[in-house]
Amino acid sequence: MTQLLEKVIALSKRRGFIFPGSEIYGGLQNSWDYGPLGVELKNNIKQLWWERFVRRRDDIVGIDPAMIMNPKVWEASGHVKGFTDPLRECKKCHERWRADQIGDSCLNCGSKDLSVARNFNLLFRTFLGPIEDSSAEVFLRGELAQAMFVDFVNVIKTSRVRVPFGIAAQGQVFRNEITPGNFIFRTREFELMEFEYFIRENEWEKWFEYWRQEMHAWIGLLGIDSTHIHEHEISKEDRAHYSKRTIDFEYDYPFGRKELYGLAYRADFDLKNHMTKSGEDMSYTDPETGDKFVPHVIEPSFGLSRSVLITLLDNYREDGDRVYLKLPPRIAPYKAAVFPLLSNREELRKKARGLYTHLKSQFSVTWDDRGNIGKRYYSQDEIGTPYCITVDFETLEKDDVTIRFRDTAKQERMAVKDIDVFLKNNIA
Ligand code: ATP
């Protein structure tokens, strides 16, 4: 199984999905850069999420909040004091570990001589402006949720949302993790997609259940086998004190069953908390009944980086010598590749180039005229391109092409005039 991770890491690097960050300077502790194909895959997932949870719905609006917020936000939320992981240091090799992830010996050298656990704060600190003193100290955001609470009043004043409604955001967050690792599973900067769904208290169970199912449906859109997903009900002792229910969605990674996404009922804790600490009224008034109350909230939280990881892992296929990524077409970096059968025949190139330019104005498509057709198929399979279109001598006479399907490796003839509609119908 860990072989699968190694294969995916190698493919990601070889084909330009994800490279080690700052590699020419020796890299930087588990930092990764998304390459030309990785950024397409990641953006497609991001857009699909926004489309599904924001644009197509009447009850969720989006925001794009600043990454650096007033430090009072993080004091109010408890992150400055409590956003910590327990750290233990090996006294022999000085490696540092998260106490809840190791037993009683160092995973590096095996020594049992470990320091006692102390709490390590995960917020990244920096300074605003030119003077580096404590009055200028700020934090890079460690999560998105606080912005949705802080902007709550501005959102209800400026949009026509009515409870139940949600505020969504996507973006980079920063956590100074003690032990990043397992490729992009745990890194110190990563992207999140989440929303706060504001409800009446007496409806929390209904909405919790609704979002639980929606989260499963979303995971299906990434082409993930549902048997690899497991719900982990967080016990009362392990839940935040204000939460009546939290579920972790876990995935069977090659390195074990671990968290993918989270779903939490946060009651009215956050709005009330910011209301007390900022002194601003954060209640909601029902426009019909005049009823004034502080809404409760359900929070579905989706790690984008972990979404990319499971998409690559779960869709990796080997069929004899053939390696292909069975990506759902709508998230594949390229929807189709266009080839001239022979690269040195001008009439084929010209026709193929015309078709390519035409398709490129509507779809994400790529061109390849290197090597032989077999190699080009192999190369597109590896990056998950669902359709390969070849212009050959018959095309010149009959105006049709060979279309080859990634998952079955089967080929068909298709009229050039039908390709647009075919792609439109088959990439959604
Ligand atoms: P853990 O206990 O594993 O550190 P957490 O429970 O603190 O994680 P949350 O605060 O619930 O994580 O984060 C929300 C989501 O963000 C997670 O479900 C996961 O998808 C993602 N995530 C959290 N930490 C990281 C990280 N270091 N790198 C990549 N994704 C992460």
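We count residues from 1, following the sequence as given. Just follow the structure's listing: the first ligand is 1, and inside any ligand the first atom is 1.
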Closer than 4.0 Å to some heavy atom of [X] - which atoms of ligand 1 meet that?
{"X": "Gly303", "answer": "20 (O)"}
{"X": "Glu177", "answer": "24 (N), 26 (C), 27 (N)"}
{"X": "Tyr261", "answer": "18 (O)"}
{"X": "Ser301", "answer": "14 (C), 15 (C)"}
{"X": "Leu260", "answer": "17 (C), 18 (O), 19 (C), 20 (O)"}
{"X": "Leu192", "answer": "14 (C), 15 (C), 16 (O)"}

What protein heavy atom is closest to [atom], reported as residue, atom name and distance in Å?
{"atom": "atom 28 (N) of ligand 1", "result": "Thr187 N, 3.1 Å"}
{"atom": "atom 22 (N) of ligand 1", "result": "Phe190 CE1, 3.4 Å"}
{"atom": "atom 29 (C) of ligand 1", "result": "Phe185 O, 3.1 Å"}

Pair Tyr197 + Trp211: ring centers closer than 6.0 Å = yes

I'd like to know if the side chain of [X] pairs up with that of [Y] as donor and acceptor (distance under 3.5 Å, no hydrogens or angles considered).
{"X": "Ser115", "Y": "Glu89", "answer": "no"}
{"X": "Tyr316", "Y": "Glu318", "answer": "yes"}
{"X": "Glu203", "Y": "His296", "answer": "no"}

If you measure from the Lys or Arg side-chain nitrogens to the Asp or Glu carboxylate oxygens, is any gap between Glu40 and Lys335 under 4.0 Å?
-> no

When you check the gap from the basic side-chain N to the acidic O, do Arg257 and Glu250 get nearer than 4.0 Å?
-> no

Look at the aromatic rings of Trp204 and Tyr265 and report parallel, tilted or perpendicular, splitting at 30° and 60°.
-> parallel

Parallel, tilted or perpendicular: which fits the ring planes of Phe269 and His241, with parallel below 30° and perpendicular above 60°?
-> perpendicular

So CG of Asp368 and CZ of Arg376: to nearest 0.5 Å the spacing works out to 5.5 Å

Contact region, Arg98 to ligand 1, non-hydrogen atoms below 4.0 Å, reads side chain

Relative to atom 13 (O) of ligand 1, which among Arg175, Glu194, Glu299 owns the nearest non-hydrogen atom?
-> Arg175

Best match, Glu259, Arg306, Arg186: closest heavy atom to atom 3 (O) of ligand 1 | Arg186

Examine ligand 1 and decide if any of its atoms is less than 4.0 Å from a heavy atom belonging to Gln101.
-> no

Heavy atom of Phe249, distance to ligand 1 below 4.0 Å = no

